[in-house]
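Below: one structure, written as structure tokens.
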Amino acid sequence: MSANERLILGIESSCDETAAAIVAGGRRILSSVVASQTEIHRKYGGVVPELASREHLRQIVPVVREALEQAHVSLTDLDAVAVTHGPGLVGALLVGVTYGKVLALALGKPLIGVNHLEGHVHAVFLEARAAGRDPRLPAVCLIVSGGHTILYNVTRKHGNGSEQFSYARIGGTRDDAAGEAYDKVARMLALGYPGGPIIDRLAVHGNAQAVRFNEPKMSGNVFDFSFSGIKTAVLYHLRRNLQLEPEISERRRSLERGERSADALRALSGAATLDLIASFQRAVVDNLVSRTLAAAERHAARDILVSGGVAANSELRRTFEAEAGRREIDVYFPSRALSTDNAAMIAAAGYARFVAGERADSTLNAEANLPLA
Ligand code: KG4
Ligand code: ZN
């Protein structure tokens, strides 16, 4: 392997995925292993922090071992260990941080602390470049997941000859993250957990114009988001339309029986429910797209980057692509596998910091609210 093919082990444990990956030269993924805890948190309809930490503890060693095996790499081949140290659930982060620290120390290898949000930005670059495309900077980046909905202006960091970026926060959600709204609405409608993928699948069968949701009125920063209003609007809609109740109970029973496929749930959803789902999704997508485009215009962005779990959404991708097609702008999304939490993006972000000479030491700590900018 050549010098620019430095091998970074990435470790991610900020929420409910235990992940490890080996990335060569910051862009060639040799392995990316993700152990998801969805099954464990499903019955609670959201991530339970204590259970997440416990599961990370069980998974971290086998997941790292699997990543090394799949990449045909041994621990001694590594050039550095990069680990997410925030933002996220503190107990969950601590598992990865402690493990990463001990591993780097035992191996005598450099340790790099990575911000999870920067990882999501790098997920976009990682794949675009592997495909021979290079997003143009400055770019506006929307990170949209179950924990975050945030807009950054991304520029190149000058002066150190490495591939590092600078970030300026343009706006973000004032209440729920978009993915959280998907999950909460799915819970109200008894569509299972996580809500995003199932709503994505069912929405195509409904009329997105059927139910009107008011645009949230935002004072102050026009690039901020709000999704709690739409969640409440869905709740009120259900209270006004009690005829939808029996269907919800039917779906709840179906979920309890373990029948949670899109086909099974669709068979138990009438036109009015499918219309509500489609309208909800349309409102969320319009909100995300319109603010991101406005921010891109204001900041003279040359391209747009979209990352995070909700970036996997088909309607969001379609709408962004259609809107960007009308402008001189490209929109970059990671593949679905790299949109949701993974460690390849952490290794890629860590690589840029490694090349720039950054090193963490034994004081590296988990920081629940670690900001990117
Ligand atoms: O990035 P991620 O794996 O974890 C967090 O950092 O939160 O994102 C998970 C979130 C969940 O809220 C899930 O419902 C949402 O992303 N999600 C989707 C889709 N796939 C996952 N939301 C909308 N459409 C999807 N296809
Ligand atoms: Zn994430």
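Note that ligands are numbered from 1 as they come in the structure, with each ligand's atoms numbered from 1 the same way.
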Geometric N/O contact N313 with ligand 1, under 3.5 angstrom: yes

Heteroatom proximity flag, T340 to ligand 1, N/O under 3.5 Å: no

Residue part near ligand 1, for D200, under 4.0 Å between non-hydrogen atoms: side chain

Numbered atoms of ligand 1 (with element) below 4.0 Å of A312, judged on heavy atoms: 26 (N)

Top protein contact for atom 4 (O) of ligand 1, by heavy-atom distance: D341 OD2, 3.4 Å

Protein contact of atom 15 (C) of ligand 1 - nearest heavy atom, named by residue and atom, plus distance: V310 CG2, 4.0 Å

Ring centres under 6.0 angstrom apart (F280, Y182): yes

Distance filter under 4.0 Å to G147 heavy atoms, resulting ligand 1 atoms: 7 (O)

Mode of D183 contact toward ligand 1 - side chain, backbone, both, neither (heavy atoms, under 4.0 Å): side chain

Metal site angle (apex the Zn ion (ligand 2)), NE2 from H120 and NE2 from H116, 10 degrees: 90°

Side-chain touch D330/R302, heavy atoms, less than 4.5 angstrom: no

Among the N, O or S atoms of D341, the one nearest the Zn ion (ligand 2): OD1

Proximity of H122 and F165 rings by center, below 6.0 Å: yes

Selected option - heavy-atom contact closest to atom 10 (C) of ligand 1, from P194, G146, A123, S36: G146

Nearest candidate to atom 1 (O) of ligand 1, where distance is taken over non-hydrogen atoms, out of G309, A311, G196: G309

C15 vs D341 side-chain heavy atoms within contact, under 4.5 Å: yes

Atoms in ligand 1 with a heavy atom of G179 nearer than 4.0 Å: 12 (O)

Backbone or side-chain N/O/S of H148 under 2.8 Å of the Zn ion (ligand 2): no

Modelled atom types, side-chain donor and acceptor of R260 and S254, under 3.5 Å: no

Sub-4.0 Å heavy-atom contact, C15 with ligand 1: no

Atom CZ of R327 with >12 non-hydrogen neighbours under 6.0 angstrom: yes

Any N, O or S atom of C15 closer than 2.8 Å to the Zn ion (ligand 2): no

Sub-6.0 Å ring centroid separation between Y44 and Y193: no

Connected via hydrophobic side-chain network under 4.5 Å: V222 and V144: yes

Donor + acceptor pair across side chains of E55, S53 (<3.5 Å): no

Greater than 12 external heavy atoms within 6.0 Å of R212's CZ: no

